[in-house]
Amino acid sequence: MKIAIVCYPTFGGSGVVATELGIALAERGHEVHFVTYKQPVRLGLLDNNIHFHEVHVPEYPLFHYQPYELALSSKLVDTIKQYDIELLHVHYAIPHAYAGYMAKKMLQEYGIFIPMITTLHGTDITLVGKHPFYKPAVTFSINKSDVVTSVSEALKKSTLELFDIEREIEVIPNFIETSKYSPDYSDCQRSLMAKENERIITHISNFRKVKRIPDVINVFHRIQKEIPAKLIMVGEGPEKEKAEQLCDRLGLKEKVLFLGNSTEIDRILCFSDLFLLPSETESFGLAALEAMINKVAVVSSNTGGIPEVNVDGVSGYLANVGDVEDMAAKALKILKDDKVLEQFKQNAYNVATKFDIVHILPLYEEIYEKAYKSRFKNTF
Ligand code: GMT
């Protein structure tokens with residue numbers, strides 16, 4: 001099938017999921033066209049089945065805000081016509097579903113009927129989309145999609161609670177390509193990061209407020225009082241500077257490493273023992289899943305879709321949002337004993353394999369087929 005994928009090309013979870021999905025579809029023989037404003041971060045070399053079309057938004061002084069949606073929908077129309085694309089899959093409702101719908105309507109003028117799949121990722125619903133300024137447009141775009149998918153049961157529930165949704169929402173969880181990870185890989189160069197007796201705790205995110213970065217540091221502060229440990233903070237974002245200041249204030253400077261954005265996430269996770277994800281809300285928690293497949297136990301908040309990924313008492317522990325005492329106590333329960341830690345690490349890996357792409361990709365292919373077959377019916 002010829003598929004156009006629209007996503008954010010950044011380090012964020014939705015961009016990662018869309019890119020990995022596109023790569024996997026291309027490997028299965030589909031022709032995939034990414035349409036976005038920059039080549040997606042995880043998209044390596046383009047090949048015969050993977051194409052990238054850049055959306056340019058010309059700067060024009062008359063516009064206070066440059067109209068990205070307009071440029072995107074025009075680029076979609078051109079690309080879909082030029083490459084005879086059969087299906088459009090947009091990741092993140094704002095503004096992608098909105099622009100996708102406009103493209104769909106414009107294409108109908110040329111007698112082209114293209115089905116649109118919208119995948120909801122979380123912040124497009126729980127944080128940004130529900131804002132009164134966006135809500136009517138988000139509701140409209142979801143209702144006008146041919147198929148709507150959500151990355152967790154929790155996100156589906158929130159979407160139905162927050163919006164007036166007339167369409168069925170199908171849950172297709174995020175995934176991981178298990179075959180890329182060898183459970184026996186041991187050449188992690190752990191010694192570059194910590195001493196033999198130190199546990200390595202990791203956090204990876206875009207350092208937005210919703211990630212509750214101070215909680216990560218406060219949990220670590222409690223852990224390192226009890227056992228030798230290092231904290232590795234990976235990512236960039238608005239809360240990073242304050243986090244560095246908090247570490248200074250707590251006297252943790254020597255024990256916390258801020259690495260910035262990294263394309264070597266797996267190498268970092270490879271030598272990590274525990275992953276901290278204390279988010280305020282999280283529709284899925286892809287970062288936790290990536291940690292788990294690298295045999296890293298997880299201590300997280302029990303919010304949104306996280307409990308669907310991090311199984312309490314098995315792959316790690318859950319705690320209430322903001323309860324840093326409980327998170328630290330649970331982290332120590334895992335970290336204090338070698339045997340317990342080994343068991344949690346193994347369990348984390350086992351749970352993560354349930355999200356193997358081999359189980360998830362056919363679900364997307366199935367809905368693609370269905371949507372394509374009924375493309376003439378849905379001319380709304
Ligand atoms: O977490 C972020 O800030 C990035 C955000 C995004 O939109 O890319 O991630 C969302 O989508 C990911 C992929 O489906 C999920 O794993 C994240 O849980 C979700 N983030 C939130 O719900 C806060």
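In listed order, ligands and their atoms are each counted from 1.
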Quick one: are [X] and [Y] in side-chain contact, heavy atoms under 4.5 Å?
X	Y	answer
I117	S145	no
L341	K345	yes
I213	K242	no

Can you tell me which residue and heavy atom of the protein come closest to [atom], and the distance to 0.1 Å?
atom	value
atom 22 (O) of ligand 1	S283 N, 2.8 Å
atom 18 (O) of ligand 1	E282 OE2, 2.7 Å
atom 5 (C) of ligand 1	T123 OG1, 3.9 Å
atom 11 (O) of ligand 1	H121 O, 3.0 Å
atom 8 (O) of ligand 1	S14 N, 2.7 Å

Should the heavy atoms of other residues, nucleotides or ligands under 6.0 Å from CG of N197 be counted, would the total exceed 12?
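Buried by this count: over 12 neighbours within 6.0 Å.
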
Show which atoms of ligand 1 fall inside a sub-4.0 Å distance from at least one heavy-atom site of [X].
X	answer
L286	16 (O)
V151	14 (O)
G285	15 (C), 16 (O), 17 (C), 18 (O)
N174	13 (C), 14 (O), 16 (O)
Y92	7 (O)

Donor-acceptor pair, distance only, cut-off 3.5 Å: does the side chain of Q108 make one with the backbone of K105?
no

Closest heavy-atom approach to atom 1 (O) of ligand 1 among R208, K211, E280 is made by K211

Please state which part of [X] comes within less than 4.0 Å of ligand 1, counting heavy atoms only: side chain, backbone, both or neither.
X	answer
N206	side chain
Y8	neither
T281	backbone

Is it true that [Y] and [X] share a donor-acceptor pair across their side chains at a distance under 3.5 Å?
X	Y	result
H91	H121	yes
D312	N302	no
T178	T353	no

Side-chain donor-acceptor distances from residues 57-67 under 3.5 Å, at least two apart:
residue : atom : partner : partner atom : Å
Q66     : OE1  : Y60     : N            : 3.2
Q66     : NE2  : F63     : O            : 3.1

With sequence neighbours excluded, residues passing side chain to side chain donor-acceptor pair (under 3.5 Å) with S300:
N310

So, is V210 polar-close to ligand 1, with some N/O to N/O distance under 3.5 Å?
no

